[in-house]
Every structure is written in structure tokens, then in C-alpha cells.
Novice: 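Handing you this structure, nothing more for now.
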Amino acid sequence: MGRRWGAKFVMSRRSEGLTVTEGLKMLYRQKLLPLEKYYSFSDFHSPSLEDAEFDNKPMILVVGQYSTGKTTFIRYLLEQDYPGGRTGPEPTTDCFTAIMHGDIQRVIPGNALVVDPNKPFRKLNPFGNTFLNRFQCVHFPSQVLESISIIDTPGILSSSEKRISRGYDFPAVLHWFAEHVDRIILLCDAHKLELSDEFSRTITALRGNEDKLRVVLNKADMVDSQQLMRVYGALMWSLGKVFHTPEVPRVYIGSFWSAPLRKTDNRRLFQQEEEDLFADIQNLPRNSALRKLNDLVKRARLVRAHAHIISSLKEEMPLIFRRDNKKRDLIYDLPVIFSRIQQQHQISPGDFPDCAKMQERLMNHDFTKFKALKPKLIVNLDELLTNDIAKLMPLLRQEELEAADQPGVQGGVFLGMDRGPFFEGNPFYYTGPSGECDEISGESWVVSKDKPKYDEIFYNLSPHEGKLSGTKVKDWMVRTRLPSSVLGRIWKLSDVDCDGMLDDEEFALASHLIEVKLEGFGLPPKLPSHLVPPSKRRRKASNIENEDCENA
């Protein structure tokens with residue numbers, strides 16, 4: 001049956017253009033969901049999956065103690081503020097906020113959000129009104145959000161606030177999100193490494209999803225090299241204690257905001273770490289189908305273990321007498337039962353749920369209503385794990401090859417990552433634009449009033465044949481202490497003719513954009529017409545120019 005289904009699915013994929021995601025949905029509905037319902041899997045673990053959870057864009061969960069820069073990190077990615085996002089040294093984010101793309105800016109409250117079948121949040125309803133009053137979805141136009149969605153979270157409470165009750169199970173909510181997102185960004189502050197009780201519970205809630213976790217040591221520009229080395233060592237030691245493993249996830253070091261760096265000793269390190277982290281995020285859309293396949297296999301293995309646990313408990317229960325005493329004894333002996341099932345059915349210990357949590361949940365169930373083992377359902381599940389998923393792998397590789405030519409996440413901070421002297425490749429390889437175009441507009445150039453000031457700096461840098469090389473401009477720009485990703489964006493906007501050098505007008509434009517950024521304003525995604533240097537206005541429209549630079 002499994003082989004016939006696999007051949008049929010591959011043929012339909014080729015003829016009808018089906019995707020790996022659609023194949024996973026079919027497998028889940030046909031072979032995994034019936035087993036989940038038969039053994040009440042959702043009563044003990046996560047609720048059943050819906051189509052929206054397969055179809056949604058990749059999601060990033062941003063977690064951390066308060067004032068570690070979670071909201072600022074998101075703003076840095078988007079290169080713009082989102083509605084309701086506030087920053088400050090005090091706890092400013094008290095909600096779970098799903099930040100998603102929409103043509104019209106609007107905020108959807110949690111109670112309305114969990115009844116929307118097009119959103120992957122319907123299964124959050126059991127967490128109750130207290131949580132739903134602290135949950136919202138923000139829609140607004142952003143190029144970054146066309147490819148991914150981001151979940152901002154409340155700050156984890158410090159040890160001095162551990163007695164404050166949130167009114168809902170915060171670690172359980174985080175665990176639900178951790179199971180459904182593609183990437184978890186755990187932010188830590190270089191000045192605040194104490195691990196509170198809630199922080200430890202949060203790490204525990206993320207267990208089982210270590211493959212998705214990325215740890216970021218933020219605000220690293222506020223300490224010098226010697227202090228940073230000690231802070232990094234202390235963080236690794238603390239995380240090792242919480243994770244209870246000899247290895248911890250990779251830690252990225254940097255300062256993820258647009259403000260000038262306070263200490264520039266480690267600028268090169270911060271740039272490399274930022275490039276690695278953002279490249280990982282940029283690849284999420286390409287790897288989305290693989291993540292869904294991986295999560296479905298992980299879920300199927302847990303369902304198989306759960307079915308054997310429930311059926312074993314059912315077999316041990318007496319028909320009439322001493323049911324309560326036997327139930328208590330079985331719960332107490334659950335570790336022994338786990339070991340017996342592992343040996344009898346050759347199931348890995350890593351596929352089993354947490355024993356203590358399972359014991360706690362079993363206390364509230366009537367064992368006499370449990371179902372005995374149904375071989376047909378187990379056979380279908382084994383076929384899914386051994387044959388059906390394997391038949392999806394060629395389709396997955398085909399989709400990965402097709403996605404390899406796609407740019408991944410675009411917009412926001414990612415615009416400045418791939419061209420100019422701030423790119424770690426060949427910084428001066430350009431395919432310059434050609435052809436003439438009508439004049440853009442007759443607007444005056446807003447940079448003109450300050451151009452004499454910028455010209456003095458330009459000529460002091462000794463231009464060659466009226467232009468400054470990328471190397472000279474880079475050396476000058478880094479003195480502003482702005483992050484390299486921001487300076488890369490400024491270079492991309494300023495090199496209007498895409499020749500890898502700046503003339504006096506382009507240099508003046510770059511200087512103007514730097515001053516704007518230092519004053520706290522955002523950068524435009526494309527150069528507006530009133531900022532295009534007059535000598536470039538007859539060559540191409542600004543939006544076409546910048547598209548040429550992006551594709552060069």
C-alpha cells in the first residue's frame with residue numbers, strides 16, 4: 001500500500017505540480033491523524049495540526065529577558081518600526097505579538113486571531129482569556145515580512161520578579177510556539193547574565209527544538225575585548241548548566257541595532273557574526289519544506305511511542321477491582337514501563353515524552369477508557385516513517401534546487417548584505433547599467449545645501465579622476481561607528497550608477513544618509529527621486545537603478 005501510494009504521489013506531483021508541503025498534509029491526514037485521535041494524543045501533547053500550520057510562512061520566535069533588545073532586534077531586521085512596538089530599559093513588551101505582512105496596517109486581537117482559519121494560531125485557544133488578552137497580530141507592509149513572520153515575546157522575568165504571576169502558563173505558550181516556528185532567537189544581554197527561575201523554565205520549554213535555536217549575545221559593543229571574552233565564557237557556562245548537555249547551541253556575538261558602536265575593538269567580529277546569523281535567517285524560506293518534514297517525522301515518532309504507552313497501560317489495568325491502586329502503581333512505575341516498551345518494540349529513548357510530565361498528565365485520566373494497540377494504525381505509521389517520507393525526498397531536493405536561485409528574505413537590513421565594499425566577496429565586481437531614460441523629476445536635490453561641507457571631506461580623501469574607490473570610502477564610513485549592515489545599505493543607495501566608486505555627488509548623498517541615520521531616522525528601501533543626484537537623473541529612474549544594483 002505504501003509503495004503504491006508513493007508511486008501515485010510522485011506521478012501526481014509531476015503532472016499536477018504538487019509540492020512537498022501538500023504531500024506532508026496528505027500523509028498527516030491519512031496516516032498520522034487517525035492514530036492521534038484514537039489514542040487521544042492531543043490530551044497529552046500538542047493539538048492536532050491544521051492546514052494553516054503547513055501553509056504558513058517561516059516564523060521566527062524572538063525570546064529573551066526584558067531589556068535584552070528583542071523589539072530593537074526586530075526593528076533592526078525590518079528597518080522600520082512596527083505598530084505597538086516600544087523600546088526602553090524597563091519591560092516594555094507585555095504581549096506575544098505576531099508580526100506579519102499585510103497591505104493595510106492593522107492590529108488583530110488574540111480572541112479574534114485564534115478563530116481565523118487562515119492563521120496558524122487556532123490551537124492557542126486552550127491557554128485562555130488571560131493569555132489571549134496578551135496576544136495580538138500586527139499586519140503592515142514590509143518587504144521582509146513577504147518571506148517570513150516574526151513573533152515578539154514578553155521579557156523573561158528576572159530573579160527579583162519571579163514571584164509575579166502572569167496569569168497563564170508562560171513556558172507552555174513558549175513551548176507551543178517553539179514547536180511551530182522555524183527559528184528561535186534567544187537574546188542575552190552582555191550586562192545581564194543572571195539566570196532566573198523563569199529563564200530556566202523557558203530553556204526547559206525550548207528543549208526538543210535545539211536544532212531551531214540560535215543564541216545571540218547582544219549589546220556586545222558596550223564592553224571591551226577582555227570583558228567580552230569573560231562574558232562569553234560566563235554565558236557558555238550558564239547555558240551549559242541550564243541545558244544539561246555537554247554542548248550548547250552556537251552563540252552569535254554582536255550589537256543588533258542601528259546606533260553607532262560604543263567600542264569598536266571587535267567591529268570585524270561583529271560584522272562576521274551578523275553576516276552568519278542573517279544568512280541563516282535569509283535561507284529560512286528555502287528550507288521551509290525541510291523543516292516541516294523534519295517536524296512531522298519528529299511528531300510521528302512521538303505519536304508511535306505514545307500509542308505504545310497508552311496501550312501498555314490499558315493492558316495492565318484490572319477489569320473490575322483495585323483500579324485506583326493499580327493506576328497509582330502504574331504511574332509510579334512509568335519509567336520501568338518506558339524501558340520495557342523500548343526493548344520490546346525497538347523504540348529509541350529519545351522518541352519518548354518527558355517521564356515526569358507524562359506522569360503528571362496521567363493523573364487526570366481514566367485508564368479504563370484507554371485503547372488497546374491497533375496493529376493496522378501502527379503499520380500505517382511505520383509505512384509513513386520508512387517508505388512514504390523517503391519517497392518525498394526526491395521532491396524535496398527538486399524544490400531545494402529550484403529555490404537555490406531565489407534570493408531568500410529580502411528588504412530591511414538584508415538589502416545591504418550583498419554588494420559594495422561591505423560585502424565579504426569581490427567588492428568591486430559590478431555589471432554596470434546601460435541605456436538612457438527620461439528625466440526622473442524636476443525636484444530640487446535636498447543634499448545641495450550641505451554639499452560644500454561634504455565636498456571638503458571628499459577632496460581631502462584624494463579622489464582619483466573625480467571618484468573615490470570603495471576602499472577609501474569604507475575606511476571613512478566606518479569612523480561613524482554605524483554597523484556594517486547599515487553602512488552597506490547606505491553604500492547601496494549612494495552608488496547610483498553601480499560602478500563601485502563614488503563621485504562627489506554620490507559621496508555627498510552617502511554623507512547625507514549617514515547623518516540622517518545618526519539622527520535616528522530609517523533608511524528608504526529604494527532611493528526616492530528627490531535624493532537622486534542631478535547628474536544621474538537623466539540616466540535611469542531611481543527605482544530601476546537600484547534594481548540593477550541589486551541584480552548586479
Side-chain angles (χ1 to χ4, degrees), residues 45-46 59-74 90-99 110 121 123-124 126-128 130-132 134-135 150-219 231-232 234-245 247-252 256 277 295 298 353-354 356-357 360-361:
H45 308 287
S46 56
M59 291 194 294
I60 299 174
L61 179 68
V62 183
V63 186
Q65 292 177 289
Y66 74 86
S67 193
T68 54
K70 296 184 300 298
T71 304
T72 303
F73 177 82
I74 295 171
E90 77 285 1
T92 54
T93 302
D94 63 347
C95 291
F96 282 83
T97 302
I99 307 164
F121 306 120
K123 299 302 183 179
L124 285 167
F127 290 106
T130 306
F131 163 70
L132 295 178
R134 291 286 181 268
F135 181 42
I150 303 174
I151 311 295
D152 195 5
T153 62
I156 299 170
L157 299 178
S158 65
S159 55
S160 60
E161 297 163 317
K162 63 184 178 183
R163 294 183 178 87
I164 299 176
S165 173
R166 294 183 185 270
Y168 61 90
D169 194 339
F170 179 71
V173 174
L174 284 179
H175 179 72
W176 186 93
F177 276 110
E179 288 187 331
H180 292 79
V181 301
D182 295 71
R183 189 66 74 237
I184 304 167
I185 306 293
L186 175 63
L187 282 118
C188 301
D189 191 328
H191 283 86
K192 185 163 51 181
L193 293 182
E194 71 270 19
L195 300 185
S196 64
D197 291 347
E198 188 171 69
F199 191 95
S200 298
R201 291 195 298 271
T202 298
I203 297 296
T204 302
L206 301 180
R207 282 183 189 162
N209 298 282
E210 288 84 357
D211 56 321
K212 304 177 182 180
L213 184 61
R214 305 291 183 269
V215 182
V216 175
L217 180 58
N218 199 20
K219 303 184 182 180
V231 168
Y232 178 78
L235 176 62
M236 297 295 286
W237 181 77
S238 300
L239 289 176
K241 287 201 307 179
V242 177
F243 277 104
H244 301 297
T245 59
E247 298 177 352
V248 297
R250 173 173 173 181
V251 176
Y252 295 84
F256 294 87
L277 178 60
D295 283 357
K298 190 190 305 182
D354 181 86
K357 290 182 179 179
E360 181 181 345
R361 290 164 184 162

Novice: Does any part of the side chain of Asp182, heavy atoms only, come nearer than 4.5 Å to the side chain of Ile60, both counted from C-beta?
Specialist: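 When only atoms from C-beta onward are counted, Asp182 and Ile60 do not touch, as no gap falls below 4.5 Å.
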
Novice: Rounded to the nearest 0.5 Å, what's the gap from CD1 on Ile150 to OG1 on Thr71? Could you check?
Specialist: 11.0 Å

Novice: Can Lys212 and Asp295 be counted as an ion pair, charged N to O under 4.0 angstrom?
Specialist: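 Salt bridge: yes.
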
Novice: I need the Leu277 CG to Arg214 CZ distance, nearest 0.5 Å.
Specialist: 8.5 Å

Novice: Are any non-hydrogen side-chain atoms of Val251 and Tyr232 less than 4.5 angstrom apart?
Specialist: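 A side-chain contact exists here, since the closest heavy-atom pair is under 4.5 Å.
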
Novice: Please enumerate all residues that pass salt bridge (charged side-chain N to carboxylate O under 4.0 Å, His left out) together with Arg250, with sequence neighbours excluded.
Specialist: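 Once residues adjacent in sequence are excluded, the partners of Arg250 under the salt bridge (charged side-chain N to carboxylate O under 4.0 Å, His left out) criterion are Glu273, Asp276.
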
Novice: Search all heavy atoms of His45 against all heavy atoms of Pro353 and return the closest pair with its distance.
Specialist: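 Of all heavy-atom pairs spanning His45 and Pro353, the closest is CE1-CB, 3.4 Å.
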
Novice: Begin with the C-alpha distance, continue with both residues' side-chain angles, and end with the deciding distance and a verdict on side-chain contact (heavy atoms from CB on, under 4.5 Å) for Val216 and Leu186.
Specialist: CA-CA 6 Å; Val216 175; Leu186 175 63; over 6 Å; no

Novice: Do Lys298 side-chain atoms and Gly208 backbone N/O form a donor-acceptor pair below 3.5 Å?
Specialist: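 At least one qualifying donor-acceptor pair exists.
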
Novice: Kindly compute the distance separating CD (Glu179) from CG (Asn209), expressed to the nearest 0.5 Å.
Specialist: 6.0 Å

Novice: Shortest non-hydrogen contact from Leu213 to Pro249?
Specialist: CD2-CG, 3.6 Å

Novice: Restricting to ring-ring contact (aromatic ring centres under 6.0 Å, His included), what partner residues turn up for His175, sequence neighbours left out?
Specialist: none

Novice: Please round to the nearest 0.5 Å and tell me the distance separating atom OG1 of Thr204 and atom CZ of Arg201.
Specialist: 9.0 Å

Novice: Calculate, to the nearest 0.5 Å, the distance between atoms SG and CG belonging to Cys188 and Leu217 respectively.
Specialist: 7.0 Å

Novice: Got a donor-acceptor contact below 3.5 angstrom from the Thr97 side chain to the Asp152 backbone?
Specialist: no

Novice: Considering only heavy atoms from C-beta outward, does the side chain of Leu124 approach that of Pro126 to under 4.5 Å?
Specialist: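 No, every pair of side-chain atoms sits at 4.5 Å or beyond.
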
Novice: Please round to the nearest 0.5 Å and tell me the distance separating atom CG of Asp189 and atom NZ of Lys219.
Specialist: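 Result: 4.5 Å between the selected atoms.
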
Novice: Would a distance-only check, ignoring hydrogens and angles, find a side-chain to backbone donor-acceptor pair under 3.5 Å from Lys123 to Trp176?
Specialist: no

Novice: Mind listing the closest non-hydrogen atom pair of Ala205 and Pro171 along with its distance?
Specialist: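 For Ala205 and Pro171, the tightest heavy-atom pair comes out as CB-O, 3.2 Å.
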
Novice: Where do Val62 and Thr153 land on the side-chain contact (heavy atoms from CB on, under 4.5 Å) test, with the steps shown first?
Specialist: CA-CA 6 Å; Val62 183; Thr153 62; 5.5 Å; no

Novice: Using the rule side-chain contact (heavy atoms from CB on, under 4.5 Å), only one of Thr68, Leu187, Ile185, Ile156 pairs with Val63; which is it?
Specialist: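 So the option named by the test is Ile156.
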
Novice: Do the side chains of Phe170 and Pro154 get nearer than 4.5 Å, heavy atoms only?
Specialist: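 Counting from C-beta outward, Pro154 and Phe170 do come under 4.5 Å.
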
Novice: Classify the angle between the aromatic ring planes of Phe135 and Phe177 as parallel (below 30°), tilted (30 to 60°) or perpendicular (above 60°).
Specialist: perpendicular

Novice: In terms of ring plane angle, is the pair Phe73 and Phe256 parallel, tilted or perpendicular, where the classes change at 30° and 60°?
Specialist: perpendicular

Novice: Quick check: Phe96 with Phe131 (ring centres under 6.0 Å apart)?
Specialist: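 For Phe131 and Phe96, the ring centres are under 6.0 Å apart.
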
